[in-house]
2 protein chains.
Amino acid sequence: MDIMRRASDPPSDPGWGASTGEPDSDGQVAGREGRSNRIPQMTIRRLSTYYRVARSLEACGELEPLSSDRMSRLTGFTAAQVRRDLAYFGSFGKRGVGYPVGELQASLRTILGIDRGWRLALVGVGNLGTALLSYRNFAHQGFEIAGAFDADPKKHGRAFGPLRVRPMTELPGAVREEQISIAIVAVPGDEAQAVVDVVVGSGIRGILNFAPVKVRVPAGVHLSRVDLSIEIEYLAYLLTNG
Amino acid sequence: MDIMRRASDPPSDPGWGASTGEPDSDGQVAGREGRSNRIPQMTIRRLSTYYRVARSLEACGELEPLSSDRMSRLTGFTAAQVRRDLAYFGSFGKRGVGYPVGELQASLRTILGIDRGWRLALVGVGNLGTALLSYRNFAHQGFEIAGAFDADPKKHGRAFGPLRVRPMTELPGAVREEQISIAIVAVPGDEAQAVVDVVVGSGIRGILNFAPVKVRVPAGVHLSRVDLSIEIEYLAYLLTNG
DNA sequence: AAGTGTGAAAATATTCACAGCG
DNA sequence: CGCTGTGAATATTTTCACACTT
């Protein structure tokens, strides 16, 4: 089995998230010659789905090898896509047979980096933040919200399960002492940049932003975005012009 | 835990969502001036961002024409991308000047189909659903949650502002009588397909799915998905292999 | 026989670069 | 001038199709 290859940051971001670079300043002169085997961004995102399917099959006790064709039916991606995506990371399939569910699941865990636990900070305990606090699917997959923070003093001390909402000033200390490496930012748009600056300042290098605005982060900090407006407006577009 | 369902599907859709299924049934609407090229999906999603920027500038009273270069800095997309995206729908820019903010905003509203109101049904009043009920950004942009539904009888009658949670059986009637045309599905994964079937059966043709599973919809029904696991796992990947 | 892994082709999407207009 | 709109050039992603392995 091969070794994992790496992808570095895209020159311009694909729309849904993950932008570290800027069209203007960032020269992106880095990999002049190492460009040969880049892993498509969509491949990574599909990997999550493959992983979920493999995990689910394994949990159901369905352990017969999984063909790309079956995976295609289960995920909605094409079989060719499945094979190509997985082949980027080596060959864990057996010809004439398929992909062993257990190994596939384990490999995908490693590739995605979720074979370890990740501790998250939630910043912004409003409606959405509260919902995320009780979103069990995170813990499920090894992501644990280890701290909740909010700028609003009225919210400080409020309890959510084992967590108490803390002031933003305690974020840097918590990040250091509690090995937090990802932040979920769920604050109003007009506070997002300031909050992200604090988050970045505290040493966090991975941010999931729910605020419907573009925020800037220094190179080396990864940013992913969930933008409900885009999703719903895309639906409106499809319903109108479809 | 639910099944891995059989499902035969004409595969291949973009990663995030939005599939009508058929590449044939496309129904492309030519822009203002009969420019009938195919419009990239990413373009549509970027349009939402352009719209937000234009709207925001207009709200701030910044009415000087907006150059593609400035839009680039405001959105993080490249200037060429901005011009190309907008040009798909006609030419509302003035050479040597830029795009008039007001007109741009208005045009984008029309193109996106948000120059009218949209009434939504929220299905699944759990943590996430509750958060969405109080997510003010929706109403802001002309999307109004007009009904909340849940299969759990214990939740029926519960009030959220002007809304009361109703049983699923009342969905079809509500869709008909209250002009609801989009559904937000925020139920656990193992209930998603059943719920979507009811939603589709009630005549809704646009669905925003928050459940982390693949659901099937008949051709002609548009499906968009928000999958938090994918986002967070993508971050984990970037942090691990970046 | 069945199904992976992969060159090569096709399809998409982005960027360049500049003609042309206000 | 400055900036749009757009062909042409590039880059990226998907699909095809088949050699090859179990």
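In what follows, chains carry the letters A, B, and so on, assigned in the order in which the sequence lines appear, proteins first and then strands, with residues in each chain numbered from 1.
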(message) Looking at the base of C:dG7, is there any donor atom on it, or on the side chain of A:R84, that sits under 3.5 Å from an acceptor on the other one?
(response) yes

(request) Find the distance A:L104:CG to C:dG5:C1' and express it as a whole number of Å. (result) 15 Å

(request) Taking only Lys NZ, Arg NE, NH1 and NH2, and the carboxylate oxygens of Asp or Glu, determine whether A:D227 and B:R52 approach each other closer than 4.0 Å. (result) yes

(request) Answer with yes or no whether B:R95 presents, from its side chain, a donor or acceptor under 3.5 Å of a partner atom in the base of D:dT4. (result) yes

(request) Return no unless some side-chain N or O of A:Y99 is found under 4.0 Å from OP1 or OP2 of C:dG5. (result) yes

(message) Whether A:D69 and A:R83 form a salt bridge (side-chain N of Lys/Arg under 4.0 Å from carboxylate O of Asp/Glu) is what I want to check.
(response) no

(message) Quick check for you: among D:dG5, D:dC3, C:dA13, whose closest atom lies nearest to any side-chain atom of B:P40?
(response) C:dA13

(request) Output yes when B:R45 and A:E233 qualify as a salt bridge under the 4.0 Å nitrogen-oxygen rule, no when they do not. (result) no

(request) Tell me whether the OP1 or OP2 atom of D:dT13 has a side-chain N or O from A:Q81 closer than 4.0 Å. (result) no

(message) Without decimals, in angstroms, what is the distance between B:F92 CZ and D:dC3 C1'?
(response) 16 Å

(message) Without decimals, in angstroms, what is the distance between B:I44 CD1 and C:dT12 C1'?
(response) 14 Å

(request) Please report, rounded to the nearest Å, how far the C1' atom of D:dT14 is from the CD1 atom of A:I39. (result) 16 Å

(message) Under 4.0 Å, heavy atoms only, any strand: does A:S68 hit a base, just the sugar-phosphate, or nothing?
(response) sugar-phosphate

(message) Judged by each residue's nearest nucleotide on DNA chain C, which is more toward the 5′ side, A:V97 or A:A80?
(response) A:V97

(message) Could you check whether atom CZ of A:R205 has more than 12 heavy atoms from other residues, nucleotides or ligands sitting under 6.0 Å from it?
(response) no

(request) When you get a sec, tell me which of D:dG5, C:dA13, D:dT4 is the closest nucleotide to the side chain of B:Q41? (result) C:dA13

(request) Return the value, rounded to whole Å, for the distance between atom CZ of A:R70 and atom C1' of C:dT4. (result) 17 Å

(message) Measure OH/A:Y88 against P/D:dT12 and give the value in whole Å, please.
(response) 11 Å

(request) State plainly whether the residues B:R70 and B:E62 are in salt-bridge range, i.e. N to O under 4.0 Å. (result) yes

(message) How many whole angstroms separate atom CD of A:E64 from atom C1' of D:dT22?
(response) 18 Å

(message) Distance check needed: D:dT15 P versus A:D69 CG, whole Å only.
(response) 14 Å

(message) What's the closest nucleotide to the side chain of B:R83 if the choices are C:dA17, C:dT4, D:dT14?
(response) C:dA17

